[in-house]
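Shown next, in structure tokens, is the structure this report addresses.
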Amino acid sequence: MEKILLIDDDEGLNHFLGRFFKRKGYSVTACINGQAALETISAQSFDLILLDYKMPGLNGLDTLKSIKAAQVKTPVILMTAYGSTDTAIEAMKRGAYDYLVKPFDRNELSRIVAEALLLNRQMKEIVSLPNTQEPLREHAPGSGLKLIGHSRLMQEIYKTIGQIAEKDVSVLISGESGTGKELVARAIYHHSRRKDKPFIAINCAAIPENLFESELFGYERGAFTGAERTSIGKIERCDQGTCFLDEIGDMSMGLQAKLLRVLQEGEFERLGGRQTIKADVRVIAATNKDLELEVRNGRFREDLFWRLKVISIHLPPLRKRSEDIHPLIDYFLGRFGAEYGKPIRHVSEGVMQRFAAYSWPGNVRELENCIRRAILLCAGDVVTEDHIELRDHPRASQLQTLDREQRMAGLKAKLQEIIPEVLRLSQEGVHANLIQMVEETIIAKALEQCGNNQVKAARMLGISRNTLRHRMKRLFDKQSDPK
Ligand SMILES: Nc1ncnc2c1ncn2[C@@H]1O[C@H](COP(=O)(O)OP(=O)(O)OP(=O)(O)O)[C@@H](O)[C@H]1O
Ligand SMILES: [Mg+2]
């Protein structure tokens with residue numbers, strides 16, 4: 001359960017907010033002054049803190065400073081009275097996550113709280129690189145996430161992450177859907193010097209273009225109808241932190257230019273604002289598009305492409321690193337087994353075979369969902385084929401096609417050995433003799449395999465029953481003709 005701390009001298013408001021959050025399933029603690037809050041914080045950690053800006057005794061700004069010193073990663077939302085937004089924005093520069101103006105709009109309150117809690121989770125849930133010495137099964141709940149897989153391809157990736165995480169460079173991560181791009185971005189963040197600063201993930205494809213600019217860069221009060229207060233954008237909120245731009249290939253050309261300016265000069269303006277704002281942001285971008293192709297087709301700025309691609313990491317699809325499937329299964333069995341209280345030890349041999357033959361179009365995410373589902377369905381301690389549902393079997397059918405093609409090639413080689421012999425023995429009408437010989441053999445064998453059932457034999461050969469009769473008459477009647 002996520003824990004929220006309320007700090008406000010207005011007990012009525014604490015009561016109202018307490019009920020509001022408890023109904024939403026959070027645990028709530030309330031303090032009526034800064035001093036009491038600091039004592040509470042020294043004894044336990046919180047996922048989110050709501051702090052009144054104006055309180056008697058220790059003021060909001062000093063309390064904020066002490067909170068940040070004690071729990072650097074916990075987001076703090078300031079609550080201010082109408083008209084004091086400038087001071088609130090000033091406080092944000094000192095580490096507050098956002099501010100809310102009293103009286104609250106419930107939707108706004110819910111939205112900001114949900115976003116802050118997401119940030120809290122992403123900052124605190126550490127994504128670690130694999131340690132080969134450690135047994136995978138011992139996965140304690142709440143111990144964070146881990147990058148799994150020891151294939152050569154993945155080891156290269158861990159090496160790159162290790163080399164570049166601490167350097168303050170941009171990174172471009174590419175790869176098919178579900179290969180772990182976001183997980184790698186988070187691993188880089190957790191191993192970087194910016195690990196105590198915000199990590200904000202933005203999906204460039206999920207937000208409609210007209211809203212996206214204000215989401216990224218914020219807006220001034222009155223910038224457009226409905227802009228009732230100055231809003232801080234994600235880039236500004238991410239100052240000194242790491243910004244993960246997912247699906248960067250979907251960003252509009254106009255915004256690409258503004259992003260480039262942030263990367264090059266570290267500055268931008270809020271929508272409708274004249275003041276230039278400074279922000280020091282490390283960008284990690286991800287895409288499942290071929291960005292080079294997008295550049296060639298004029299859909300992505302070349303200068304931004306090169307700026308982002310200082311370091312590039314390509315995540316290979318799971319089908320190209322099937323040796324990672326086994327450790328991933330163990331990891332997911334351990335994780336979800338603990339989550340659902342089902343100590344399932346392994347998957348059956350049959351499941352392993354199907355997994356090995358499968359193409360995994362949804363990559364690690366698909367495997368993860370498959371194991372999660374299997375654990376929920378499984379009553380015993382072994383996952384069997386009954387608990388598994390895969391989308392298709394392209395790999396199996398591909399293997400069959402390959403197998404057939406290889407055999408046909410073998411037969412053709414045999415034929416090439418036989419034919420010169422036939423040529424030597426034939427005297428005249430070589431072509432007709434050979435075709436007749438082949439046809440006789442095919443028809444005789446087909447009839448034999450179909451128990452002399454002409455309908456079945458015709459179907460097997462892919463000819464009509466009449467044609468078959470006709471050929472049989474021509475071939476065999478002639479043969480049996482004594483003349
Ligand atoms: N190597 C890995 N080890 C452990 N878990 C992984 C690994 N790769 C991916 N996952 C898990 O698979 C899921 C998908 O990963 P992620 O969201 O990072 O993929 P993505 O490449 O960003 O996908 P998309 O392009 O669809 O956004 C996540 O739940 C992630 O934790
Ligand atoms: Mg992703």
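When a ligand or atom number is given, it counts from 1 through the structure's own listing order. FYI, the numbering just counts along the sequence from 1.
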Below 4.0 angstrom, N of the basic side chain to O of the carboxylate: do [X] and [Y] qualify?
| X | Y | value |
| --- | --- | --- |
| R274 | E220 | no |
| R152 | E323 | no |
| R229 | D105 | no |
| R261 | E267 | yes |
| R111 | D98 | no |

With a 4.5 Å limit on heavy-atom distance, are the side chains of I375 and F332 in contact? no
Just wondering, do L17 and M79 contact through their side chains at under 4.5 Å, heavy atoms? yes
Starting from [atom], what is the nearest protein heavy atom, named by residue and atom, and what distance separates them?
| atom | answer |
| --- | --- |
| atom 22 (O) of ligand 1 | E182 N, 3.2 Å |
| atom 23 (O) of ligand 1 | G178 N, 2.8 Å |
| atom 15 (O) of ligand 1 | G180 CA, 3.6 Å |
| atom 10 (N) of ligand 1 | V364 CG1, 3.4 Å |
| atom 26 (O) of ligand 1 | S177 OG, 2.7 Å |
| atom 17 (O) of ligand 1 | R365 NH2, 3.2 Å |
| atom 4 (C) of ligand 1 | K146 O, 3.3 Å |

Heavy atom under 4.0 Å from ligand 1: found in [X]'s side chain, backbone, both, or neither?
| X | result |
| --- | --- |
| E368 | side chain |
| E247 | neither |
| I148 | both |
| L328 | side chain |

No-hydrogen, no-angle side-chain donor-acceptor test under 3.5 Å, T276 and E269: yes
Do the side-chain N and O atoms of K181 and T287 include a donor-acceptor pair separated by under 3.5 angstrom? no
Are Y331 and R335 close enough, and set up right, to give a side chain to side chain donor-acceptor pair (under 3.5 Å), and what steps lead you there? CA-CA 6 Å; Y331 172 66; R335 222 174 89 196; 3.3 Å; yes
Among M154, R335, E366, K181, closest by heavy atom to atom 25 (O) of ligand 1 is K181
Minimum distance, heavy atoms only, to atom 31 (O) of ligand 1: which one of N288, N369, L183 is it? L183
Quick check on contacts: which atoms of ligand 1 are under 4.0 angstrom from a heavy atom of Y331? 4 (C)
If we only consider heavy atoms of L147, is any one of them less than 4.0 Å away from an atom in ligand 1? yes
